[in-house]
Amino acid sequence: MLSGKRIILGVTGGIAAYKAAFLLREFQKAGAEVRVTMTPSATRFVGLVTFASLSGHDVAVDIFPDDNEAGEWTRHINWGEWADLYVIAPCTANTIAKISKGISDNMLTSTVLAARCPILVCPTMDGEMYESPGVSQNLKTLGKMGYHILEPEIGFLASGMEGKGRLPEFTAILEKASDIIGNIKGPLMGKKVIVTAGPTREHIDPVRFISNPSSGKMGVAMAQAAKNMGADVTLIHGPLSVPKPDDIHTIKITSASDLFETVKNYHKADVIIMSAAVSDFTPTRVHDHKIKKSDSEDSIQLKKTQDILAWLGEHKIEGQVLIGFAMETENLIENATKKLQNKNADYIIANSLNETGAGFESDSNSVHLLNKDSDRQFKGPKKDIAIEILNTIFR
Ligand code: CTP
């Protein structure tokens, strides 16, 4: 159940903080990707380098780090959108009190407020503290707010006394996490989503074609993100340079005209995401044999292909969400806004080919998500951007 899931592990300042390092490993063994956020007091129990090394990712602690790196300011929001589940283990009485009141004074508590995924709280503290009216009241409040609470276990505590306050066994935490994830009804549950990806090939003859360097990475990431949000996804794709997802229904096409004919069969889907890099031109004639050098023909006559997104925009059905891309080398926002209007799309994901670490074959991207009222920017790995975009649109 946890395989392929994204978990934020929040670690607060209790003696059980050291156990969180082992818990992180258990989540990873179950196939989850884990990022860690710690309260400043948790770093007094376990060094953040431990969690950074184990998770292979920076650990979020301060909202305002010393170097004022721009990315830090919004990280709690991005992480909140990235995660499928947020587990706070161990969770101290202090953090329980803060999150029950909506306080956001460090990266962990801010990320809680920004999270759009379920949150599992594992309270650990001294038995007397756990039974105290303040903690009981705050835990009740969290329960009413929809947080999942895993009660602590009874046993020997750091104080030397016996009581209810120990972090539960990892198997109990993993079981609870799996239950929560298994019961998530993603926002795209029951929705039919069509994603197109990769380049098209316009054959001139059996061995030559016109195409572009699209890898299909962004489209595959969009398809996977939609699937993880509960959608019934069909991925219609040209030649991909990344593996096809195993758990998604796929249809392979070659040319823009194949793509058009296939998309038409699905044009009543709830959501259509046109990430394919469709060739705008195709040869007027396709030779059925290899053109020889000796043949007199030395130019190729081209004709325009059907603009599939524009066709979908014209035939849009009530309630459908139509998402297109815009690949630009200049005047990014202006040109993408024109595409939004001219093609009657609900959203355009615009990327500039001039930016480094963005575009066709890169693993990362930098895009603007435009609709008629807003412009939001996303940067980072294509997989993360896909999740954040779909969360922004559908959650
Ligand atoms: N698109 C399409 N059919 C085409 C060409 C493009 O459906 N024949 C879609 C793409 O999948 C993308 C959007 O239209 O979602 C914009 O594609 P892009 O290549 O950026 O722009 P074009 O429409 O081709 O316009 P231009 O070449 O003038 O930038």
Side-chain angles (χ1 to χ4, degrees), residues 193-203 209-223 225-226 233-240 251-267 269 271-284 302-316 320-355 358-362 365-372 375 378 382 385-386 389-390 393:
V193 174
I194 299 300
V195 182
T196 68
T200 63
R201 284 181 179 175
E202 310 303 320
H203 272 274
F209 53 80
I210 300 168
S211 192
N212 60 65
S214 167
S215 60
K217 279 178 196 164
M218 193 67 213
V220 169
M222 297 296 287
V233 181
T234 296
L235 174 67
I236 308 172
H237 65 90
L240 299 174
I251 302 175
K252 186 157 190 293
I253 54 90
T254 303
S255 65
S257 125
D258 296 343
L259 181 62
F260 182 42
E261 290 311 314
T262 313
V263 167
K264 273 200 287 189
N265 294 333
Y266 290 95
H267 85 274
V271 180
I272 305 185
I273 305 174
M274 282 295 300
S275 347
V278 189
S279 178
D280 290 327
F281 297 95
T282 193
T284 48
L302 299 173
K303 62 178 181 194
K304 279 199 179 139
T305 57
Q306 168 70 46
D307 188 323
I308 303 168
L309 181 58
W311 185 91
L312 290 167
E314 272 170 40
H315 295 82
K316 197 150 72 174
Q320 185 178 56
V321 179
L322 187 56
I323 305 169
F325 276 72
M327 186 65 95
E328 306 295 341
T329 52
E330 54 200 344
N331 305 328
L332 178 69
I333 303 298
E334 191 186 322
N335 286 337
T337 306
K338 275 190 201 148
K339 285 178 188 169
L340 182 75
Q341 290 157 355
N342 296 345
K343 303 192 188 210
N344 194 26
D346 298 296
Y347 293 90
I348 287 282
I349 299 165
N351 62 325
S352 164
L353 286 182
N354 295 335
E355 272 193 54
F360 273 138
E361 283 153 320
S362 172
N365 216 345
S366 166
V367 303
H368 289 255
L369 174 68
L370 303 175
N371 72 357
K372 61 181 178 22
D375 171 359
F378 299 90
K382 286 181 175 173
I385 291 182
I389 286 177
L390 294 187
I393 299 176

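Just so we're clear, the structure is a prediction, and the values are computed from it rather than from any experiment. We count residues from 1, following the sequence as given. We count ligands from 1, going down the list as the structure has it; atoms in each ligand are counted the same way.
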Could you tell me if Lys264 sits above the aromatic ring of Tyr266, with its cationic atom closer than 6.0 Å to the ring centre and no more than 45 degrees from the axis? no

Out of Met327, Met274, Gln306, whose heavy atom is nearest to atom 8 (N) of ligand 1? Gln306

Which ligand 1 atoms are under 4.0 Å away from a heavy-atom of Thr305? 8 (N)

For ligand 1, which atoms, with element, lie under 4.0 Å from some heavy atom of Gly324? 15 (O)

Here the pair of heavy atoms bringing Asn335 nearest to Glu330 is ND2-O, 2.9 Å

What residue and atom, counting heavy atoms only, is the protein's closest point to atom 27 (O) of ligand 1, and at what distance? Asp280 OD2, 3.0 Å

Residues Ser255 and Asp258: side-chain donor-acceptor under 3.5 angstrom: yes

Proximity of Asp307 to ligand 1 by residue part, where a heavy atom lies under 4.0 Å: both

Side chain to side chain contact (heavy atoms under 4.5 Å, CB included) evaluation trace for Met327 with Leu353: CA-CA 7 Å; Met327 186 65 95; Leu353 286 182; 3.2 Å; yes

Using a 4.0 Å cut-off to any heavy atom of Ala326, which atoms of ligand 1 qualify? 20 (O)

Nearest non-hydrogen protein atom to atom 3 (N) of ligand 1, with distance, is Ile308 N, 3.0 Å

Within-cutoff protein neighbour (heavy atom, under 4.0 Å) for atom 19 (O) of ligand 1: no

Run the numbers for me: atoms of ligand 1, each under 4.0 Å from some heavy atom of Ala276, listed by number. 10 (C), 11 (O)

Would you give the length of the straight line joining atom OG1 of Thr262 to atom NZ of Lys252, rounded to the nearest 0.5 angstrom? 12.0 Å

Give the residue, atom name and distance (to 0.1 Å) of the protein heavy atom nearest atom 7 (O) of ligand 1. Leu309 N, 2.8 Å

Can you tell me how far the CE atom of Met274 sits from the OG1 atom of Thr196, to the nearest 0.5 Å? 4.0 Å

Taking atom 14 (O) of ligand 1 as the reference point, report whether a protein heavy atom occurs under 4.0 Å from it. yes

Looking only at protein heavy atoms, which one is nearest to atom 17 (O) of ligand 1, and what is the separation? Phe325 O, 3.7 Å

Hey, what do you get for CG (Asn371) to CD1 (Ile393), rounding to the nearest 0.5 Å? 8.0 Å

Closer than 4.0 angstrom: is that true for some heavy atom of Lys304 and an atom of ligand 1? no

Top protein contact for atom 29 (O) of ligand 1, by heavy-atom distance: Lys339 NZ, 2.8 Å

Hey, which of Val367, Val195, Ile349, Ile385 is the one that makes side-chain contact (heavy atoms from CB on, under 4.5 Å) with Met218? Ile385

Which heavy-atom pair separates Ser279 from Ala256 by the least distance, and what is that distance? O-CB, 4.1 Å

Identity and distance of the protein heavy atom lying nearest atom 22 (P) of ligand 1: Lys343 NZ, 3.8 Å

Set out, in order, the CA-CA distance, both residues' side-chain angles and the distance that settles side chain to side chain contact (heavy atoms under 4.5 Å, CB included) for Leu302 and Thr284, then state yes or no. CA-CA 5 Å; Leu302 299 173; Thr284 48; 5.9 Å; no

